[in-house]
Protein chains: 2
Amino acid sequence: MAARLVDVARLAGVSPSTVSYVLSGNRPISEETRRRVEQSIAELGFRPHAGARSIRRQATNVIAMVLPMLSDGQSRVQMQFVFAVVHAARAKGMNLLLLTAEDGVAEINNVVGSAMVDGVIVMEVQLHDPRVPLLASIGRPAVLIGTPEDPGDLVHVDFDFAAAGAMCVQHLHDLGHRHIGFLGQSADTYAREAGYALRARSGALDEMAARGVPPVWSPAEASPAGVAEAIEDLFGQDPELSALVVYNEQALPLVLDRLAQLDRRVPGDMSLVAICPDDQAERLLPAVSDVALPAAELGRLAFERLAGLIAGETPPSTTLLEPQLNRRGSGGPPPPRR
Amino acid sequence: MAARLVDVARLAGVSPSTVSYVLSGNRPISEETRRRVEQSIAELGFRPHAGARSIRRQATNVIAMVLPMLSDGQSRVQMQFVFAVVHAARAKGMNLLLLTAEDGVAEINNVVGSAMVDGVIVMEVQLHDPRVPLLASIGRPAVLIGTPEDPGDLVHVDFDFAAAGAMCVQHLHDLGHRHIGFLGQSADTYAREAGYALRARSGALDEMAARGVPPVWSPAEASPAGVAEAIEDLFGQDPELSALVVYNEQALPLVLDRLAQLDRRVPGDMSLVAICPDDQAERLLPAVSDVALPAAELGRLAFERLAGLIAGETPPSTTLLEPQLNRRGSGGPPPPRR
DNA sequence: TTGAAAGCGATACCAG
DNA sequence: CTGGTATCGCTTTCAA
């Protein structure tokens with residue numbers, strides 16, 4: 001039922017190869033012939049069969065992206081990665097296949113092994129990630145979003161989370177704060193060795209240490225109870241806390257709520273800096289100063305690196321986006337001693 | 001480099017057809033032969049070439065999902081659709097190809113026309129959606145999430161937004177409220193005739209009318225300023241408002257913030273019911289009563305319908321999930337007259 | 001229970 | 001500038 005290339009050829013009165021060359025542009029075609037062929041293609045609504053094509057070409061024009069584990073649409077950041085990649089891919093006429101991390105290594109093997117995709121983007125890579133050696137060994141184009149402990153030669157792009165954490169502390173310290181807490185991701189994020197979480201935390205804690213600020217931190221679940229607990233924990237460690245670095249996009253609004261409940265005004269009693277997507281910090285009350293997490297940019301970048309690899313280029317194996325601070329209403333000088 | 005079927009055959013000392021039959025199970029194979037073949041497959045790490053396979057089979061085992069326009073990961077609901085579909089698909093060994101709505105009808109045509117995918121799921125269908133007639137005409141398996149004005153025979157799944165809107169009003173009215181406002185989606189959502197937005201709104205407004213409640217509503221942008229404006233607008237229309245139906249997941253936290261700013265306590269001064277994903281309402285302070293938007297379930301359902309169509313079944317062309325109310329802390333009796 | 005061989009739909013080399 | 005045809009990797013009929 002679907003028209004095939006031979007049908008087009010017949011209708012246009014040319015040979016199949018000619019039609020193929022009109023399609024690919026790999027050989028000069030007379031104006032007249034091209035017109036007839038294109039006319040026939042339109043008339044029949046012909047589309048080259050992707051599968052048939054992929055067997056002779058060495059490519060499918062499809063790339064795969066591996067979603068993070070347990071992903072039920074929780075995190076905005078992850079979504080932004082995905083959307084940025086789809087859009088970048090579609091803009092270049094490529095298609096995106098989504099894989100879930102649950103089946104992990106096996107699924108990656110499947111889609112690249114069966115030549116379904118030309119390359120793979122893996123997000124949420126962990127410090128010791130079994131997918132990393134796999135990707136290294138299959139030797140097909142692959143890009144990591146995130147930095148494993150040992151990336152080998154694998155191309156990876158990342159945000160400099162350590163610098164981001166340090167920058168937050170530095171900002172608050174510069175405002176005069178000498179008692180700063182770090183409110184981080186959920187405990188199990190650290191447990192599974194998510195690089196971004198570990199690096200942001202140590203970036204912050206190291207900077208605290210370097211500046212003589214007592215290093216205080218707590219993980220936090222993104223629920224009212226979890227946040228309340230984390231904040232209590234932080235104050236327990238240092239009752240003089242006058243500033244918080246929050247790296248937990250989901251918990252951020254709850255942190256504001258909780259501080260309000262505790263009658264700590266932001267920024268009057270407590271200053272805040274977050275590491276999170278910029279539009280998210282901007283929308284809060286008060287708008288929160290942040291080190292913006294450039295998720296969309298990272299996604300776009302990851303795609304570009306992958307496209308480069310597929311095209312046979314040799315992109316830089318490491319790219320680290322530098323943090324930038326956006327000052328908003330949530331930071332101020334520490335309150336006078338009570 | 002990648003092992004091919006013939007390589008397996010050679011190594012196992014059998015003919016290619018035998019290998020193929022071992023793979024497909026379409027013909028009895030002696031235990032001994034099967035063992036040798038499977039051994040060879042494992043040894044060579046052989047995976048059948050998906051493209052080559054798709055040209056003889058009538059299927060690719062891949063389905064496409066069309067993302068909404070302008071989607072930058074804004075909406076949780078949309079994400080949940082996507083994740084639900086990927087997971088459902090992966091669980092059945094199928095793969096998901098993501099398309100963006102920007103390239104619209106053309107891209108759908110491309111991927112199904114070129115036999116890249118066995119079927120398509122379209123989300124965020126609008127009342128008059130050009131993709132609907134297209135899908136109807138190509139006659140390939142397709143499922144809509146959402147209900148266009150004229151779905152024809154197209155299989156679609158949806159949440160009963162009209163009933164949801166009505167249920168919210170009913171709940172508040174039953175609590176004693178006689179002045180209820182509806183705070184909806186952004187103005188342009190209505191402008192582009194998003195079915196869910198229009199139906200939820202008219203469900204609510206009709207129910208208000210039926211109960212003698214003055215029908216009051218306002219669209220709202222999901223920003224502090226937008227929400228402030230919408231709330232002012234609502235009070236301008238009816239200063240006696242004691243309850244709000246909020247159908248705007250992104251604005252919901254901002255509504256709470258704004259009411260707090262205006263010194264209206266929830267639920268003391270103002271009752272609230274939201275239409276939004278349940279976990280989102282649950283996480284607020286106070287936890288918000290809601291009519292849960294079953295995004296994940298809709299996504300799963302959409303996939304199942306599509307899988308049915310691909311398998312040659314004839315699933316019901318319409319499926320409407322019924323709303324359900326979750327009572328939480330944000331609803332109470334109206335305050336005594338001031 | 002197995003093998004030989006004819007395709008599937010498009011591409012690209014070899015000729016002209 | 002164009003045509004014939006081998007070929008890609010797998011499936012499936014036909015034959016044994």
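So you know, we letter chains A, B, ... as the sequences are listed, proteins then strands, and number each from 1.
Summarising the geometry, the separation between CZ on R35(B) and C1' on dT1(C) is reported as 17 Å, rounded to the nearest angstrom. Rounding to whole angstrom units, CD1 of residue I55(B) and P of dC8(C) are separated by 9 Å. When rounded to the nearest whole Å, the span between NE2 of H49(A) and C1' of dC10(D) equals 12 Å. To the nearest angstrom, C1' of dA5(C) lies 14 Å from CG of L5(B). Summarising the geometry, the separation between CZ on R27(A) and P on dC14(C) is reported as 13 Å, rounded to the nearest angstrom. The separation between E31(B) atom CD and dT1(C) atom P is 10 Å, rounded to whole Å. To the nearest angstrom, P of dT2(C) lies 19 Å from CZ of R10(B). When the C1' atom of dT11(C) is taken as reference, atom CG of L23(A) falls 10 Å away, rounded to whole Å.
In terms of polar N and O atoms assigned as donor or acceptor, the side chain of R56(B) comes within less than 3.5 Å of the base of dG7(C) in a complementary pairing. For R57(A) and dT11(C), a side-chain-to-base donor-acceptor distance below 3.5 Å is absent, hydrogens and geometry of angles not being considered. Applying the 3.5 Å distance criterion, the base of dA4(C) shares a donor-acceptor pair with the side chain of S17(B).
Residue S20(B) is classed as a base contact, given a heavy-atom separation below 4.0 Å to a base. Among the heavy atoms of the strands, none lies under 4.0 Å from V19(B). As judged by a 4.0 angstrom heavy-atom cut-off over every strand, R34(A) is placed among residues making no nucleic acid contact.
Taking 4.0 angstrom as the limit, S54(A) places none of its side-chain polar atoms (N or O) nearer than this to OP1 or OP2 of dC8(D). For dC10(D), neither phosphate oxygen OP1 nor OP2 lies less than 4.0 angstrom from any side-chain nitrogen or oxygen of R53(B). The shortest distance between the side-chain N/O atoms of N26(A) and the OP1/OP2 oxygens of dT11(C) is not below 4.0 Å. At dT12(D), none of the side-chain N or O atoms of S24(B) fall inside 4.0 Å of OP1 or OP2 (strictly under the cut-off).
With salt bridges taken as basic N to acidic carboxylate O contacts below 4.0 Å, one links E32(A) and R36(A). Salt-bridge check for E124(B) with R192(B): passed, with a basic side-chain N closer than 4.0 Å to an acidic carboxylate O.
The main-chain N or O of P16(A) is never found under 3.5 Å from a side-chain atom of S20(A) such that the two would form a donor-acceptor pair.
The heavy-atom pair separating M123(A) from V66(A) by the smallest distance is CG-O, 3.1 Å.
With DNA chain D read from its 5' end, the first of the two nearest nucleotides for F46(B) and Y21(B) is the one closest to F46(B). Comparing T33(A) and A52(A) against DNA chain D, the residue whose closest nucleotide sits nearer the 5' end is T33(A).
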| Taking it one step at a time, do E107(A) and R90(B) satisfy salt bridge (charged side-chain N to carboxylate O under 4.0 Å, His left out)? | CA-CA 9 Å; E107(A) 235 0 73; R90(B) 293 290 326 129; 3.1 Å; yes
